[in-house]
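Worth saying up front: this structure is predicted, and the values here are computed from it rather than measured.
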Amino acid sequence: MTRLLGANFACMKKSRNFHSCMAFMASCGLFMAGMSYYMLCKSGHGIPLENMCFGYANLMGFAAAVFISLFLGTEYSDGTIRNKLTVGHKRYAVYLAGLIINLAGVLLINAVYVGALLLVGIPLFGGFHPAEPSVLLTMALLTVFMDASYTAVFTMCSMLNRNRASMTAVSIMSVLILTIVSGYIRSRLNEPKMFEPYTYMTEEGYEFHKEAEVNPYYLEGTEREVYAFLNDFLPCSQGIQIENQDRGHEWQRSLYSCLIVMVSTGTGILLFNRKDIH
């Protein structure tokens, strides 16, 4: 396993795809800092550094999809995986070594965003001023679990499909669709139970008063429980919650991520052991 990890790490360091993903995330961090400083100069109100720090959350699914799909796709196309098996490495060891190095790569890509943001943001904004410092640590830990779930899923898919072009396209489209679904789930859960009463004036000068009424789109009962479960379970939904620093259900979210990792890895190893590699 140690030799496999060493070889994988050497390949990752030389990977243009890995460097490109890191450059992209660093650019996003610099852009966020620059945009907030521009807003601060124009209006006197910028985005606090502690809020910008988690702006990566909605991007990590796309970054992980591109990095893992292309990295493992290259391993297949170059014959690296076949050679590892030929010299006697066990299939489960090859799979786990790929999973570990993918997670390391995803976490590094994630860290580059934060590093670039802080490099520019601290001199501009004077560091963090969180109301609750523990929130930052909690969100950072939840990020690790989220990254692990993305890594496990994309590693499974990429180890079972050697076509890197199709796998990259499918992975990106899956993240995009799930991000849209996650946004819809969040909007439904945030629907108010009642519409507040209000008064408005027409152009003719007539005053109308609208009484409070029940919101027909408010979720209740089993339907709400299903939406709440998906909101905590889906990695894309977890990303939205991390970006907004939502509190509550931290243990559930981390446990769901662990479940995704275990199921994806177990399924991936089982199917990879049966896969015909030539």
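Atom-to-atom distance recorded for Glu225:CD and Glu223:CD is 11.0 Å, nearest 0.5 angstrom. To the nearest 0.5 angstrom, Leu219 atom CG is 6.0 Å from Leu189 atom CG. Rounded to the nearest 0.5 angstrom, Phe229 CZ and Ser237 OG are separated by 10.5 Å. The distance from the CG atom of Leu259 to the CD atom of Gln252 is 13.0 Å, given to the nearest 0.5 Å. Ile101 contributes atom CD1, which lies 11.0 Å from atom OG of Ser15 (distance to the nearest 0.5 angstrom). For the atom pair CD1 (Ile177) and OG (Ser182), the distance works out to 11.5 Å, reported to the nearest 0.5 Å.
Remark: Asn58 engages Glu243 in a side chain to side chain donor-acceptor pair (under 3.5 Å) (not counting sequence neighbours).
Under the 4.5 Å side-chain heavy-atom criterion for grouping Ile, Leu, Val, Met, Phe, Trp and Tyr, Leu124 is connected to Ile122 within one hydrophobic cluster. Linking ILVMFWY residues whenever their side-chain heavy atoms come closer than 4.5 Å, directly or via other members, leaves Met167 and Ile172 in distinct clusters. Cluster membership for Met52 and Leu118, using ILVMFWY side-chain heavy atoms within less than 4.5 angstrom, is shared. Linking ILVMFWY side-chain heavy atoms closer than 4.5 Å, directly or via other members, places Leu117 and Val144 in two distinct hydrophobic clusters. Both Leu30 and Leu108 sit in one connected hydrophobic cluster of ILVMFWY residues. Membership requires side-chain heavy atoms under 4.5 Å apart, directly or through other members.
Annotation: side chain of Met12 is not in contact with side chain of Asn102 (no heavy-atom distance under 4.5 Å). Residues Thr179 and Phe62 form a side-chain contact, since some pair of their non-hydrogen atoms from C-beta on lies under 4.5 Å apart. Annotation: side chain of Val106 is in contact with side chain of Met60 (closest heavy-atom distance under 4.5 Å). Residues Asn161 and Ser166 are in side-chain contact: their nearest non-hydrogen atoms beyond the backbone lie under 4.5 Å apart. Using a 4.5 Å heavy-atom threshold, the side chains of Phe71 and Cys11 count as touching. Residues Met146 and Arg253 form no side-chain contact, since every pair of their non-hydrogen atoms from C-beta on lies 4.5 Å or further apart. Residues Leu142 and Gln241 fail the side-chain proximity criterion, which asks for heavy atoms closer than 4.5 Å. Counting only heavy atoms from C-beta outward, the side chains of Asn231 and His249 never approach each other to under 4.5 Å.
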For this session: Decide side chain to side chain contact (heavy atoms under 4.5 Å, CB included) for Cys53 and Val114; before the verdict, give the C-alpha distance in whole Å, the side-chain angles of both, and the deciding distance to 0.1 Å.
Result: CA-CA 6 Å; Cys53 197; Val114 178; 3.9 Å; yes

Problem set entry | side chain to side chain contact (heavy atoms under 4.5 Å, CB included) between Leu234 and Ile185, worked out | CA-CA 10 Å; Leu234 295 175; Ile185 290 171; 4.1 Å; yes

Exercise. Are Phe154 and Phe67 close enough, and set up right, to give a ring-ring contact (aromatic ring centres under 6.0 Å, His included), and what steps lead you there?
Worked result: CA-CA 9 Å; Phe154 292 134; Phe67 164 62; over 10 Å; no

Exercise. Taking it one step at a time, do Met139 and Arg247 satisfy side chain to side chain contact (heavy atoms under 4.5 Å, CB included)?
Worked result: CA-CA 9 Å; Met139 295 303 139; Arg247 301 301 304 272; 4.0 Å; yes

For this session: In sequence, state the C-alpha distance, the side-chain angles, and the governing distance for Cys157 and Val170, and then conclude on side chain to side chain contact (heavy atoms under 4.5 Å, CB included).
Result: CA-CA 10 Å; Cys157 296; Val170 170; over 6 Å; no

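The number of heavy-atom neighbours closer than 6.0 Å to OH of Tyr218, taken from other residues, nucleotides and ligands shown, is above 12. By the neighbour-count criterion of 12 heavy atoms within 6.0 Å, atom CZ of Arg3 is sparsely surrounded, having that number or fewer from other residues, nucleotides or ligands. Heavy atoms of other residues, nucleotides or ligands lying less than 6.0 angstrom from CZ of Phe18 number more than 12.
When every heavy atom of Leu99 is checked against every heavy atom of Ala152, the shortest pair comes out as CD1-CA, 3.8 Å. Nearest heavy-atom pair across Asn110 and Asp147 is OD1-OD2, 2.7 Å. Pairing each heavy atom of Ile109 with each of Met25, the nearest pair is CG2-CG, 3.3 Å. Between Ser158 and Leu72 the shortest heavy-atom distance is CB-CD1, 3.6 Å. When every heavy atom of Gly98 is checked against every heavy atom of Asn8, the shortest pair comes out as N-ND2, 3.6 Å. Contact detail for Gly183 and Ile240: the closest heavy-atom pair is N-CD1, 3.9 Å.
Of the possible donor and acceptor atoms, one in the side chain of Ser254 sits under 3.5 Å from a partner among the backbone N and O of Trp251. Checking side-chain atoms of Tyr76 against main-chain N and O of Met159 turns up a donor-acceptor pair under 3.5 Å.
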List the atom pairs, with distances to 0.1 Å, where a side-chain N or O of residues 264-272 and a protein N or O form a donor-acceptor pair under 3.5 Å, not counting sequence neighbours.
unit_1 : atom_1 : unit_2 : atom_2 : d
Ser264 : OG     : Ile260 : O      : 2.8
Thr265 : OG1    : Val261 : O      : 2.7
Thr267 : OG1    : Val263 : O      : 2.8

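Of the N and O atoms on the side chains of Gln238 and Ser257, at least one donor lies less than 3.5 Å from an acceptor on the other residue.
Ring planes of Tyr184 and Tyr227: tilted class, angle from 30 to 60°. The aromatic rings of Tyr56 and Tyr113 lie perpendicular to each other, with more than 60° between the two planes, well past the 30° mark.
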